[in-house]
Amino acid sequence: MVKIIGVRFRDAGKVYYFDPKSFEIHAGNHVIVETAQGIEYGTAIGGVREVTDDEIVQPLKEVVRVATADDDARALRCKEKEKEAMVICREKIAKRGLEMKLIDAEYTFDNSKLLFYFTADGRVDFRELVKDLASVFRMRIELRQVGVRDETKLLGGIGICGRVLCCHSYLSDFAPVSIRMAKEQNLSLNPTKISGVCGRLMCCLKNEEETYEYLNSRMPGQGDTVTTADGRQGTVQGLNVLRQRVKVLFEENDEKEIEEFDVADLTFRPRRKKEKPAKNRDKKEKDHDKNADHNESTDKEKREEQGKHEHSTEGRRAHRRPEPQRSAHHPE
């Protein structure tokens with residue numbers, strides 16, 4: 001077991017592990033740590049704890065010290081300078097006429113490097129822009145192009161739920177989200193209703209995906225035939241997945257009646273489990289290989305059969321009377 005402390009450098013950013021050494025660090029404390037980019041100022045997430053060796057990436061960097069009042073003041077000055085850097089960078093971008101949108105600026109704690117984050121539709125040649133910025137700030141300049149999700153994470157905002165965006169408040173990593181999740185939860189497929197501020201599918205679709213998969217697996221499908229406890233058969237007319245209730249349509253003597261039942265009181269054929277995409281790919285690959293082997297064996301049999309046919313034909317030709325040679329020149 002190894003003692004570690006989790007540290008974040010941005011709000012809702014990734015958590016990195018460091019060796020706390022003998023420092024007493026609590027959640028929310030600011031610390032000075034050594035990173036591959038140099039000395040950085042971060043915030044401790046939780047207290048010191050122990051993890052197994054396979055959960056960390058060696059070598060484990062050390063905490064230099066718990067941040068002092070001077071360190072806090074220095075970090076605050078860096079934040080103020082970042083606002084000025086944004087103004088200057090926007091002016092340089094406009095002067096160069098570059099098709100890029102500046103998102104954020106960030107000074108390293110030791111003021112050795114200045115990073116600018118931007119978005120663009122395609123690749124941007126910003127080499128001349130870097131030279132302009134380096135001549136102004138007299139330090140190493142780095143420009144990083146980010147996607148629309150990262151842009152929203154950096155800028156923040158309010159979602160349609162009325163709360164601060166998940167990616168800006170607590171979500172450190174972006175989980176893959178697909179339209180299948182919206183279908184599983186029986187949501188409207190209108191893009192304006194299931195898309196977030198970034199224009200992509202909302203990350204919160206992932207939050208309840210496992211719950212809906214489990215609840216849907218216990219329910220019949222729309223239009224399926226079910227049998228009640230008293231032996232009556234009907235057709236599923238509606239589903240309430242969260243309450244596990246099923247509306248069943250009965251037809252008797254040209255009369256239709258709809259009743260609602262608990263799913264536990266019905267008998268029906270369970271749904272077939274949906275195969276994961278990876279399994280489907282493996283199955284397709286196996287079928288493709290099987291078809292390829294079958295085709296290869298079939299082609300081999302055809303070639304052998306054709307070879308036998310040609311051999312027998314040449315044998316018959318050998319016993320024929322040789323035809324007279326024809327002249328290469330035909331009379332007119």
ask   = Can you tell if the side chain of I194 reaches within under 4.5 Å of the side chain of S188, non-hydrogen atoms only?
value = no

request  = Return the minimal non-hydrogen interatomic distance between F250 and Q233, and the atom names on each side.
outcome  = CD2-O, 3.5 Å

query = Hey, are the side chains of H168 and K153 touching, using non-hydrogen atoms and a 4.5 Å cut-off?
reply = no

ask   = Does NZ or CZ of R74 lie under 6.0 Å from the centre of the six-membered ring of F109, at an angle within 45° of the ring axis?
value = yes

message = Tell me if a side-chain donor or acceptor on N29 pairs with a main-chain N or O of V66 at a distance below 3.5 Å.
response = no

query = Would you say the side-chain atoms of D110 and S112 include a donor-acceptor pair closer than 3.5 Å?
reply = yes

ask   = Atom CD in Q244, atom CG in L239: separation rounded to 0.5 Å?
value = 9.5 Å

query = Can a salt bridge be assigned to the pair R127 and D125 using a cut-off of 4.0 Å between side-chain N and carboxylate O?
reply = yes

request  = Show your reasoning for whether side chain to side chain contact (heavy atoms under 4.5 Å, CB included) applies to K256 and L249.
outcome  = CA-CA 7 Å; K256 296 182 180 181; L249 173 66; 3.9 Å; yes

ask   = Are M1 and T52 close enough that some pair of their side-chain heavy atoms sits under 4.5 Å apart?
value = yes

ask   = Got a second to check how far N207's CG is from M181's CE, nearest 0.5 Å?
value = 10.0 Å

ask   = Any idea which heavy atoms bring I4 and P20 closest together, and the distance?
value = CA-CD, 3.8 Å

inquiry  = Would L102 and M86 count as a side chain to side chain contact (heavy atoms under 4.5 Å, CB included) here? Give the steps.
reply    = CA-CA 8 Å; L102 188 63; M86 288 278 290; 3.7 Å; yes

query = Counting N and O atoms only, with roles assigned by atom type, does the side chain of Q185 sit under 3.5 Å from a partner on the main chain of L205, one being a donor and the other an acceptor?
reply = yes

request  = Give the cluster check for I160 versus V164: same hydrophobic cluster or not, with ILVMFWY residues linked at side-chain heavy-atom distances below 4.5 Å.
outcome  = no

ask   = Going only through I, L, V, M, F, W and Y residues with side-chain contacts under 4.5 Å, is there a path from V177 to L187?
value = yes

query = Does any non-hydrogen side-chain atom of D173 lie less than 4.5 Å from one of K14?
reply = yes

query = Is K95 salt-bridged to D132, going by a charged N under 4.0 Å from an acidic O?
reply = no

message = When you measure from the side chain of E260 to the backbone of V248, do you find a donor-acceptor pair of N or O atoms at a distance under 3.5 Å?
response = no

remark   = What one should report as the nearest heavy-atom pair of P220 and V263 is CD-CG2, 4.1 Å

inquiry  = Would you say that M100 contacts I93 through its side chain, given a criterion of any heavy-atom pair below 4.5 Å between the two side chains?
reply    = yes

request  = Report the C-alpha separation of E40 and K61 in whole Å, then their side-chain angles, then the decisive distance to 0.1 Å, and conclude whether the salt bridge (Lys or Arg N to Asp or Glu O under 4.0 Å) test is met.
outcome  = CA-CA 12 Å; E40 291 288 346; K61 299 286 186 178; over 6 Å; no

Flag side-chain contact, heavy atom, 4.5 Å: V146 against T119 = yes

Stepwise side chain to side chain contact (heavy atoms under 4.5 Å, CB included) test for L133 and F116 = CA-CA 10 Å; L133 296 173; F116 291 99; 3.8 Å; yes

message = Test your reading of the model: is there a side-chain donor-acceptor pair from E62 to the backbone of E34, 3.5 Å cut-off?
response = no

ask   = Ignoring hydrogens and geometry, is there a side-chain-to-backbone donor-acceptor pair from R65 to I32 under 3.5 Å?
value = no

query = Considering only heavy atoms from C-beta outward, does the side chain of F118 approach that of Q145 to under 4.5 Å?
reply = yes

request  = Can you measure from CG (D150) to CG (L155) and round to the nearest 0.5 angstrom?
outcome  = 11.0 Å

ask   = Linking I/L/V/M/F/W/Y whenever any side-chain heavy atoms sit under 4.5 Å apart, do M202 and L165 land together?
value = no

message = Between K131 and E128, is the salt bridge (Lys or Arg N to Asp or Glu O under 4.0 Å) condition met? List the steps.
response = CA-CA 5 Å; K131 294 178 182 178; E128 296 300 325; 3.7 Å; yes

remark   = Across all chains, not counting sequence neighbours, the ring pair (Phe, Tyr, Trp, His ring centres under 6.0 Å) partners of H30 are Y41

inquiry  = For the SG atom of C78 and the CG atom of N111, what is their distance to the nearest 0.5 Å?
reply    = 4.5 Å

ask   = How would you list, by chain and number, every residue that makes a side chain to side chain donor-acceptor pair (under 3.5 Å) with Y17, sequence neighbours excluded?
value = R49

request  = Output all residues satisfying ring pair (Phe, Tyr, Trp, His ring centres under 6.0 Å) with Y117, sequence neighbours left out; order by chain, then residue number.
outcome  = none

inquiry  = Checking K113 against M139 for the side chain to side chain contact (heavy atoms under 4.5 Å, CB included) test, could you report, in this order, the C-alpha distance in whole Å, the side-chain angles of both residues, the deciding distance, and whether it holds?
reply    = CA-CA 6 Å; K113 184 169 61 174; M139 64 175 60; 5.9 Å; no

message = So N186 and V241, do their side chains get closer than 4.5 Å, heavy atoms only?
response = no

request  = Using the side-chain hydrogen bond (donor to acceptor under 3.5 Å, both in side chains) rule, take D70 and T68 through it: C-alpha gap first, then chi angles, then the decisive distance, then the call.
outcome  = CA-CA 5 Å; D70 292 339; T68 62; 4.9 Å; no

query = In Å, rounded to the nearest 0.5 Å, how long is the span from CG of D72 to CZ of R77?
reply = 11.0 Å

task = Determine, for R10 against D104, whether the closest basic-nitrogen to carboxylate-oxygen distance falls under 4.0 angstrom.
result = yes

